[in-house]
Amino acid sequence: MTFETVIQSIFTSLFLVSVIRISTPIIFPALGSLVSVKAGASNKALEGLMLVGAFTGVMVSAYTGNVWLAVLCGMVVAVLISALLAIFHLYLGTDLFIGSLAVNMMCSGGTTFLMYIITGDKGNTGNLASLSVPNVHIPFIKDIPFIGEVLSGHNVFTYLAFFLTFVIYIFLYRTRYGVSLRAVGENPEAATSLGINVKRVRMTALIISGVLSSLGGMNLSMAYLQMFARDMSAGRGWIGLASVSLGGKKPLGTMLAAVLFGFSDAIANQFGSLDIPAQLVTMIPYATTIIALVVYAIQQRRAILSRMKKFQKENEEQLKGAPEKSE
Amino acid sequence: MRPLIDLINIDKVYDNGVVANNGVNFSVKKGEIHALVGENGAGKSTLMKILYGMEKPTEGEIWVNGEQKHFNSSTDAIAATIGMVHQNFMLVPSFTVAENVVLGDEPRKNGLIDRDAVLNITKDLSDQFGLFVQPDAIVNSINVGMRQRVEILKTLYRKAEILILDEPTAVLTPQETDDLFIAIRILVKQGKTVIFITHKLREVKEISDRVTVMRHGKMIGTLDTKDVSREQMANMMVGREVFLDIKKPKIKRGEKRMRVKNLSYVSEIGRQLLRNVNFNLYAGEILGIAGVEGNGQTELVEVLTGLKPAAGGTVLIGDCNILESTPREIRLRKIAHIPEDRLSNGVAVRSTIEENIIVDRYFQKPYRNGLFINRKVVKTECENLIEKFSILTPNGKLPVSSLSGGNMQKVVVAREFSSEPEVLIASQPTRGIDVGSTEFIREQLVEIRSKGTAILLVSADLSEVMSVSDRIVALYEGEITGVFPDASKVSEKELGLYMLGVKQQTYEEMEKYL
């Protein structure tokens, strides 16, 4: 493949479809991270929670044949694990970051271990007949050329991810509980003085972030692929965490940042067909982010310094003028 | 008539053994403004935390409106119509004024927060009680006075009838204080009762109907304000004669220690906060900066101590421009700094008293022994300082957070003074601390000045600037508007005109005195 064909392929509906497809499993943990960050208890166990969600979903669907029951079970397991993390952090005084790391390692090791016990395979569950969630073809829109191809025909999780962005916005900014949650994150003392139970709110936030992460995980194992693979979250939880900061800690911004990461990932995939080492290509989204943040920071600094200099200049002129006045 | 609030025989002993309240009886009548005064650490705040449900008394009874109460949290106190405005505000900075007022109890429509109602409720409350606020302004962007009014509105929204104001004027400018007093009078006229904690005796006289004095955790007495003079109150508070005037030996000032030339500073958002400031500091002289708060004093101190970069100018110590230096390099040149905000810059609250005292010198001999800190030296040194500066603590191994405000400040002063500075930059050295500690710190300032230290004194308390300083400059909008070579020969009124920019000396007039 030549460079031109790669560039051409970017301007196709197929490419946009892949951007949406790749973004979805980042949006879920990103929203989860957002809720926990807003409550002042940043959940960093998103990776682990994605893995247990993905694993549980595959297992339950394979053995019960009920895909929705599988999704429900995946969420329930995530609730239990994030509640455990919350109790350790809030009531037993564990540092949240250390606790999160423990959960991540436990989930990574635990899912691999259980997979080996159950299927005899340490790599993936390809030999299990697990299910995937259905795709949705939106009436009318699916028939519009190009737009229909891009917007219609995605799996349930994809639509859910974008819909949840909106739901999280309403929750955080328009409901009493959400507003309290943000208050807890910004000034826990103030919240306490108004009778808001800080620990309970943070517990809820951590559980919500766990559930959202598990949805991201199931998106990977029950839509993106149709099996569980060892450590299949592959850093998406961490990218979700970064999306929150990049998105200015706002729901819409977070979602857009996640899509930006998805976009760079998709481009990396396209470039993968060129004769460039794969490792270099997969670096693209991360390198882009770092460069963007550095440029932004440098610009900010420059702006401040130039403003200072400008004022200083005006000042010197004033000083030169001063003795003349008094003469 | 039965008092609205009756606290009977309140004892409070903290887990660490500190007795904060000892058999305190305190009662408040409906509709009065009741001042509660006492030195820092006298137990006023503890008593009010008990009334507001934040602390449980070890012994004693709380009666509100003829009913005995057992508060488990402030929620219970709020339900009993008690509201409290804390000294450090309890606001959410990124929320609007209105969102803060209704926080936790927002009006709803169809399950969602009714944003229009949020704004209207705030506006109505604001109108009803004459507490002007902008309901849709973000708290981050409003000034301290308005933040305080938001706090008061918060309590009123929760139907408070009894308002506890914890040192409300400590953070206010004189103008804002006047506004607050007007608001308090309106509140009382509408049937509210106000408990006003302070240690500014002038304010007690001005605003309160009755006054209760506390000392060392005990109640000394409750009196009608009109029957008691400021001197009497001061004596009740400290239990001895207070010298509001300072004895200052006349000495001749020495050589120039610090030369500030054309110093300018521009804030990150482009506001020019210092404009070509010129002055010299001399050995053995206290130079006071007189100015209404927010006219560049904070920035001046932070630039001189290396905490903020200057936009232009030079600050010379000998021949060296210290604007290029880091804070530690500046300190090593024997420039000491008492920062304005003791809690965030003066001490590390969770560290011990000892650690706070050696933090500027642990890396030097004799405090260092090879790679390690020489604990023995640290211990004896700190014990000496604790005694010399009469810091009230059982030992130096306790965290600074266990001390009252006045004693915390003494830790800062002990550190800065014991480094034997050649130049001392003291910013608000006595803000928010009790009369006894204030007097002590002022005396210490005069003492090291007499021993030859050059001192720059910045204080929001004009009487402090006038009584402690030898020479005064007035600062207005980041510019020096006047210099007064003999502090004892200028009147408060005259100084005020320069502080408010009404009068201004020309540079030629000032030059030889700067």
Side-chain angles (χ1 to χ4, degrees), chain A residues 37-40 166-167 169-201 248-250 300-327, chain B residues 52-54 73-79 83-86 88-95 99-100 102-115 118 139 151 154-155 157-158 262 264-276 309-313 478-479 506-509:
Chain A
V37 165
K38 281 286 186 192
F166 173 71
V167 172
Y169 169 76
I170 296 287
F171 169 68
L172 286 177
Y173 291 88
R174 297 299 300 277
T175 68
R176 208 181 262 184
Y177 203 90
V179 170
S180 300
L181 186 149
R182 280 161 51 225
V184 164
E186 261 194 69
N187 190 346
E189 266 192 312
T192 310
S193 75
L194 296 171
I196 297 169
N197 187 330
V198 172
K199 286 183 180 175
R200 199 181 301 160
V201 168
K249 298 186 185 174
K250 298 259 165 58
Q300 289 285 310
R301 260 189 83 83
R302 275 209 191 129
I304 291 167
L305 284 175
S306 75
R307 255 195 312 240
M308 270 188 145
K309 284 202 184 108
K310 195 188 106 204
F311 275 94
Q312 191 43 38
K313 225 176 175 181
E314 285 171 15
N315 224 41
E316 274 161 11
E317 277 157 23
Q318 273 178 20
L319 192 74
K320 274 177 208 151
E324 285 166 19
K325 262 184 235 162
S326 55
E327 269 164 23
Chain B
Y52 191 57
M54 292 165 76
S73 70
S74 15
T75 318
D76 297 341
I78 292 169
M84 180 154 174
V85 174
H86 301 269
N88 42 339
F89 296 148
M90 301 276 190
L91 298 173
V92 185
S94 79
F95 284 23
E99 283 170 339
N100 267 289
V102 299
L103 180 61
D105 193 15
E106 291 91 348
R108 287 186 288 192
K109 202 163 76 182
N110 304 327
L112 296 182
I113 292 172
D114 185 345
R115 286 178 169 178
V118 171
V139 164
E151 286 282 13
K154 266 168 76 177
T155 66
Y157 176 64
R158 287 166 181 77
N262 287 335
S264 296
Y265 174 75
V266 185
S267 78
E268 283 175 20
I269 53 165
R271 278 181 61 202
Q272 177 104 29
L273 297 173
L274 290 177
R275 293 167 203 271
N276 300 305
E479 255 177 297
T506 65
Y507 185 71
E508 283 69 27
E509 281 179 83

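Residue numbers begin at 1 in each chain, while the letters A, B, ... track the order of the sequences. Please read all numbers here as calculations on a predicted model, not as lab measurements. Both backbone and side-chain heavy atoms feed into the values below; hydrogens, waters and symmetry mates do not.
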Point to revise | Point-to-point distance, once rounded to the nearest 0.5 Å, from OG1 of A/Thr192 to CE of B/Met90 | key: 8.0 Å

Practice item. Side chain from CB out, backbone as N, CA, C, O: work out which of these in B/Leu103 comes under 4.5 Å of a heavy atom of chain A, or both, or neither. Key: both

**Study point:** Gap separating the OG atom of B/Ser74 from the NE2 atom of B/His86, nearest 0.5 angstrom
**Key:** 6.5 Å

**Study point:** Part of B/Ser94 lying under 4.5 Å from any heavy atom of chain A
**Key:** both

Review point. Pick from B/Val102, B/Val92, B/Ile78: which one has the most heavy-atom pairs with chain A under 4.5 Å?
Key: B/Val92

Point to revise | B/Asp114, part contacting chain A, at a heavy-atom distance under 4.5 Å | key: neither

Point to revise | Value rounded to 0.5 Å, distance of CG in B/Asp105 from CD1 in A/Ile196 | key: 10.0 Å

Exercise for review: Output the option from B/Met54, B/Lys154, B/Glu106, B/Glu99 having the highest count of non-hydrogen pairs under 4.5 Å with chain A.
Suggested key: B/Glu106

Practice item. Look only at the side chain of B/Thr155 and the backbone of B/Met84, and say whether a donor-acceptor pair between them is shorter than 3.5 Å. Key: no

**Study point:** Donor-acceptor contact below 3.5 Å, side chain A/Lys38 vs main chain A/Lys249
**Key:** yes

Revision key, fill the gap. Heaviest contributor of heavy-atom pairs below 4.5 Å to chain A, chosen from B/Asn100, B/Leu112, B/Thr75, B/Ile113, is B/Ile113

Review point. So which part of A/Tyr173 gets closer than 4.5 Å to some heavy atom of chain B, the side chain, the backbone, both or neither?
Key: both

Exercise for review: Give, for atom OG of A/Ser180 and atom CG of A/Asn197, the distance between the pair rounded to the nearest 0.5 Å.
Suggested key: 11.0 Å

